[in-house]
Asks: 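The following block contains the structure, expressed as structure tokens.
Residue numbers begin at 1 in each chain, while the letters A, B, ... track the order of the sequences.
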Protein chains: 2
Amino acid sequence: MKDNKVIHELITNGHLKYIPHISVDCVILGYHANQLNVLLNKWKDVEVWSLPGGYVERNESVDTAAHRVLWERTGVDKLFLQQFYTFGDPDRINMNRRLNRLPVLFQEGGKELHNWMAERFISIGYYALVEYSKVSPRPDHLSVESRWWDIHDLPALIFDHDRIISHALHAVRLQLKYQPVGLSLLPEKFTLPELQKLYETILSRKLDRRNFQKKMLSLGILRRLPERKTIGPHRSPFLYSFDKRKYNQALKEGYGFA
Amino acid sequence: MKDNKVIHELITNGHLKYIPHISVDCVILGYHANQLNVLLNKWKDVEVWSLPGGYVERNESVDTAAHRVLWERTGVDKLFLQQFYTFGDPDRINMNRRLNRLPVLFQEGGKELHNWMAERFISIGYYALVEYSKVSPRPDHLSVESRWWDIHDLPALIFDHDRIISHALHAVRLQLKYQPVGLSLLPEKFTLPELQKLYETILSRKLDRRNFQKKMLSLGILRRLPERKTIGPHRSPFLYSFDKRKYNQALKEGYGFA
DNA sequence: TTAACATTGTGTACAGTGAACACAATAATT
DNA sequence: AATTATTGTGTTCACTGTACACAATGTTAA
């Protein structure tokens with residue numbers, strides 16, 4: 001198989017290309033059907049899933065590495081990608097060891113292997129918010145499958161990846177308080193009820209429709225379009241789009257704090 | 001010299017003990033005379049200063065490494081130490097290159113050296129708040145001097161350490177909004193005006209005395225003592241101490257967000 | 001002894017924000 | 001034209017933060 005050759009090359013010579021002991025893990029959040037999803041990869045030979053991650057090239061910025069991983073796993077680029085925490089416990093690799101046998105990385109013919117990829121890694125966590133429909137999940141060489149999972153109904157995860165995900169969710173909820181969210185999660189034109197459902201999904205709680213509208217409009221990052229959206233036997237809501245200049249300004253400066 | 005022997009050992013064999021390419025930098029903030037200070041080390045042979053930092057042992061948690069650095073440089077332990085960002089630009093090492101000659105790490109007899117310590121480092125930033133008087137700054141083996149600097153009047157700093165410091169200051173100010181600050185910066189007993197001056201110093205702006213008192217007391221982390229402090233020809237303010245249980249609870253849970 | 005002064009302790013008034021709630025407008029169906 | 005579900009807009013109220021007033025107090029100077 002071609003993949004196996006790539007893996008072998010990575011295991012034997014990867015340490016020349018990449019910085020050892022450092023990895024980047026991306027919590028890629030997609031929004032669909034009022035549900036918040038995380039993109040996960042299934043490992044080749046064991047029943048565990050993991051966050052899309054990667055290594056940092058010897059002369060590459062960590063931010064760039066995170067963007068590269070995102071691009072390689074989703075085909076999406078130029079996205080809001082936020083570093084949120086660095087996980088540096090030496091035991092993190094053993095945390096969720098419910099595996100009955102070791103992944104290919106760590107063994108060969110039943111014998112435990114020692115290569116640079118099986119050693120301790122300090123992982124820098126990033127989260128991204130992507131439009132679900134624009135993403136075509138692609139597994140990496142170590143994985144057989146890549147797909148979305150409901151963030152509240154996750155499969156068995158490797159290492160401390162469950163902890164990384166909750167950390168990321170916490171960071172996203174915090175962001176919601178003082179920075180805009182939605183540009184990369186909604187289509188170009190959207191209604192206020194649609195935006196509200198996104199917020200409710202991220203926060204896992206209901207918001208008051210009227211207060212939400214007032215608040216969002218007062219932020220000044222939305223532009224009401226002359227069109228409305230037909231949604232059935234009810235009043236048609238206005239369509240809105242983000243004022244990208246003001247959106248990015250709010251993203252940079254925040255609006256929760258004086 | 002003994003130091004030179006230690007340095008030589010570190011340069012030649014350090015990579016066996018420590019994880020390469022990873023460092024920890026601590027922004028240690030001390031408060032004194034209504035001034036916020038940062039602890040800096042002066043490098044041995046060049047006119048630059050740097051943050052106290054260190055490396056992560058092969059089987060050591062990153063958090064532990066940060067605590068160890070703090071302990072080694074200040075003699076203080078069991079402190080509130082907060083990871084705030086990881087700096088991973090490959091060029092960060094060259095950012096403030098106003099050096100006319102390279103530090104000893106990077107050269108020997110005029111020739112540029114290539115050892116593990118002179119390579120690229122990804123640095124995990126921590127900040128700590130310490131009581132100024134309890135600290136006895138101790139230079140590490142690479143430094144000749146260790147002392148406090150006014151955070152608003154810093155000397156020439158190596159690498160991107162100026163950027164790390166502003167990041168840290170930003171993080172501390174954010175913490176002030178939703179977590180208590182002061183337990184490690186003030187003596188056991190203190191007055192409300194003293195606490196207020198600490199807040200004003202961190203935020204670099206004046207606060208209203210009356211509103212500040214109301215706010216602080218409403219948080220429920222202070223205990224008024226029966227004593228007062230004599231401060232001169234004026235009314236004597238009450239002394240307070242932190243209710244450590246409630247303080248730590250507020251530190252954990254925060255109070256700015258519901 | 002007492003007046004002056006700087007500083008602290010406590011209280012009040014007002015504006016702005018978020019939360020709870022009321023009602024009219026509207027788009028399709030009956 | 002009536003029905004129904006949903007949206008757009010407005011009102012009320014409690015709470016928080018901000019601005020400001022005044023009395024209490026510890027020392028110094030007259």
Asks: Return whichever of B/Leu192 or A/Ser218 has its heavy-atom-nearest nucleotide of DNA chain C closer to the 5' end.
Replies: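 Of the two residues, B/Leu192 wins.
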
Asks: Report yes or no: is there a donor-acceptor pair, N or O only, under 3.5 Å between the side chain of A/Arg210 and the base of C/dA19?
Replies: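 Donor-acceptor pair under 3.5 Å: no.
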
Asks: Starting at CD of A/Glu194 and ending at C1' of D/dT7, how long is that distance when rounded to a whole Å?
Replies: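 Rounding to the nearest Å, CD of A/Glu194 and C1' of D/dT7 are 13 Å apart.
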
Asks: Do any side-chain nitrogens or oxygens of B/Gln213 fall under 4.0 Å of OP1 or OP2 in C/dG9?
Replies: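 For B/Gln213, the contact criterion (side-chain N or O under 4.0 Å from OP1 or OP2 of C/dG9) is met.
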
Asks: For B/Thr191, answer base if it contacts any base atom (sugar-phosphate contacts may also be present), sugar-phosphate if it contacts only those atoms, and nothing otherwise; contact means non-hydrogen atoms under 4.0 Å.
Replies: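 Counting heavy atoms under 4.0 Å across all strands, no contact is made by B/Thr191.
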
Asks: At less than 3.5 Å, do the side-chain atoms of A/Arg228 and the base atoms of D/dG8 form a donor-acceptor pair?
Replies: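 A donor-acceptor contact between them is absent.
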
Asks: Got a second to check how far B/Tyr178's OH is from A/Lys177's NZ, nearest 0.5 Å?
Replies: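 The OH atom of B/Tyr178 sits 12.0 Å away from the NZ atom of A/Lys177.
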
Asks: Can you say whether a donor on the side chain of B/Arg224 sits under 3.5 Å from an acceptor on the base of C/dG9, or the other way round?
Replies: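 In this structure, the two groups form no donor-acceptor pair.
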
Asks: Go through B/Phe87 and B/Phe121 one step at a time and tell me if the ring pair (Phe, Tyr, Trp, His ring centres under 6.0 Å) criterion holds.
Replies: CA-CA 9 Å; B/Phe87 299 84; B/Phe121 271 85; over 10 Å; no

Asks: Regarding D/dA24, can its base be found pairing with the side chain of B/Arg235 as donor and acceptor, where the two atoms are less than 3.5 Å apart?
Replies: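 Present.
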
Asks: Any side-chain N or O of B/Lys215 below 4.0 angstrom from OP1/OP2 of D/dG17?
Replies: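 Affirmative; the distance criterion is met.
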
Asks: Please evaluate the base of C/dT7 for a donor-acceptor partner in the side chain of B/Lys197 within a cut-off of under 3.5 Å?
Replies: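 Not at all, since no donor on one side and acceptor on the other fall under 3.5 Å apart.
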
Asks: Whole angstrom is fine here: how far is it from CG in B/Asp208 over to C1' in C/dG9?
Replies: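 Rounded to whole Å, this separation is 13 Å.
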
Asks: Ion pair present between A/Asp208 and A/Arg210, side-chain N to carboxylate O less than 4.0 angstrom?
Replies: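 A/Arg210 and A/Asp208: salt-bridged.
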
